[in-house]
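Computed from a predicted structure; not experimentally measured. Reminder, nothing fancy here: chain letters follow the sequence lines and each chain counts from 1.
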Amino acid sequence: MTLPTDRKYTTEHEWLHEEGGEATVGITEHAQQLLGDVVFVDLPAAGKVFSKGEVFGSVESVKAVSDLYAPISGEISTSNTVLAEQPQLVNSDCYGEAWMVKIKPSKTGELVELLDANAYQKLLSST
Amino acid sequence: MTVEAKILRTPLFALQQARGGRFVPFAGWEMAVQFAGVVAEHMAVRSAVGLFDVSHMGEIVLEGPQAAAAVQHLITQDVSKLLDNRALYTVMCSEAGGIVDDLIVYREHPERFFLCVNASRCSDDFAHMQAHTKAFDCSVTDVSAAWAQVALQGPLAQTMISGICRHNSADMKPFSWVDTQVGGIDVRLARTGYTGEHGFELYCQSNDAEALFLALEKAGEPHKLGLCGLGARDTLRLEMKYPLYGNDIDLAHNPFEAGLGWVVKLQKGAFVGSKALQAIKAAPLARQWIGFKMMGRGIARPGYPITAEGRVIGSVTSGTHSPSLGEAIGCGYVPTRLAQPGMAFDIMIRDKPVPAQVVATPFYKSR
């Protein structure tokens, strides 16, 4: 799968798409493949505040639990409640339907620190 | 300086790698944990048929004029009732009544027994068996390297194998076994399994493993045979509440509290651990191994604390999301007063208490 170029990436295999002062966050194809069948997604309530790098939730496959790290600092404006009923969407549509949270960024400077598609691709090739 | 043990590979490693298997270390072996995906593989076994490489398991042979007496001395089950070409499930205990391993004993004839033990316990089992059979005219030999093993499990397993099996596999009762040919390859075909479905475990010489695997793959094509890894093996056995050594049973637990009192035949006479087990059986059990369902959002995992009224009362020994039930299930030891279906407690999932309730087991009932 080619990496969507309309968004940024993190070294923790998450993607972030910023538009109109709101950032949508999910996990990448690489991450969902590593996880295997996703059976449970734990996401924070709206209003919760996180600093960049803080654990904001978790994704569970049959065999393992993986933490989700806030790619930027900010407040959760909404979590994707569909994933509570259909966690398998993370495997089938990680860049679309399986977005996880929308964050209101509190530090605009952090967005430039994220990787673009090329840099993330380079990271994947080196692992 | 650290000396690292070299990780072992079964004779089926290359073939499984070529089929896209994803590998993880398990008990010193590099094993396939999944192919198409744990859930898909699990459902394939429940609805059709799945094929597992279980060549990592250990095999030990006891042979000699007093082999039957030696086996009787080692295991808790009564082997005197076991006939040729039949097998039984049992545990072996320490002098203190703790569980050394759970295993299957196959009787070839009165002076030769073939034991299948857990991969993680094979060398400890061998040492235990040698130590406790010195007084018997019987040899104990670890033959694990010579044998490979695969499991063929699911409602279509028998149909699938019938075309390529010399023996009439439709005739075989559970826990019966026979030396025959499958796909032209010499196998020990046993009607045993760790999934709760109809099926077989096939033992063959290590050199024949690839040929056997390919023959089974070919025969399985019209029946939508799925290659399965250890991930699905775990979810399948957990739905049946079959114990996994190291998680659910170990030297620190006795068979009675583990719910395995049915394999302890104290009336057969003395055996290793029988004195301790007599005393344990005579007293009320302090704790019991139960199955539970999560009543709130969260998946219980091995090691997570079990709490009641704010106090830790046990820990989860096995837990997962059950593909067949679509719910999170688990097992653990809890005080006897909480060991009845309907009793409630919490599972600590990363510092958050999530409610759970004891349920009747097995969690899943095969059709």
Enquirer: Taking side chain as C-beta onward, heavy atoms only, is P44(A) less than 4.5 Å from V101(A)?
Expert: yes
Enquirer: Measure distances from R22(B) to the heavy atoms of chain A and classify the residue's part below 4.5 Å as side chain, backbone, both or neither.
Expert: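 For R22(B), the contact with chain A is made by the side chain alone.
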Enquirer: Taking side chain as everything from C-beta outward and backbone as N, CA, C, O, which of these in A64(A) sits under 4.5 Å from a heavy atom of chain B? Side chain, backbone, both or neither.
Expert: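 The answer is the backbone of A64(A).
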Enquirer: Give, as side chain, backbone, both or neither, the part of V41(A) having an atom under 4.5 angstrom from any heavy atom of chain B.
Expert: backbone
Enquirer: Under 4.0 Å between a Lys/Arg side-chain N and an Asp/Glu carboxylate O for E197(B) and R46(B)?
Expert: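 Here E197(B) pairs with R46(B) in a salt bridge, since their nearest N and O are under 4.0 Å apart.
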Enquirer: Give a yes or no on whether the ring-centroid distance for Y194(B) and F52(B) is below 6.0 angstrom.
Expert: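 No, the ring centres sit 6.0 Å or more apart.
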Enquirer: Report which part of A328(B) has an atom under 4.5 Å of a heavy atom belonging to chain A: side chain, backbone, both, or neither.
Expert: neither
Enquirer: When you compare the side chain of F292(B) with that of Q357(B), does any pair of heavy atoms fall below 4.5 Å?
Expert: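 No, their side chains stay 4.5 Å or more apart.
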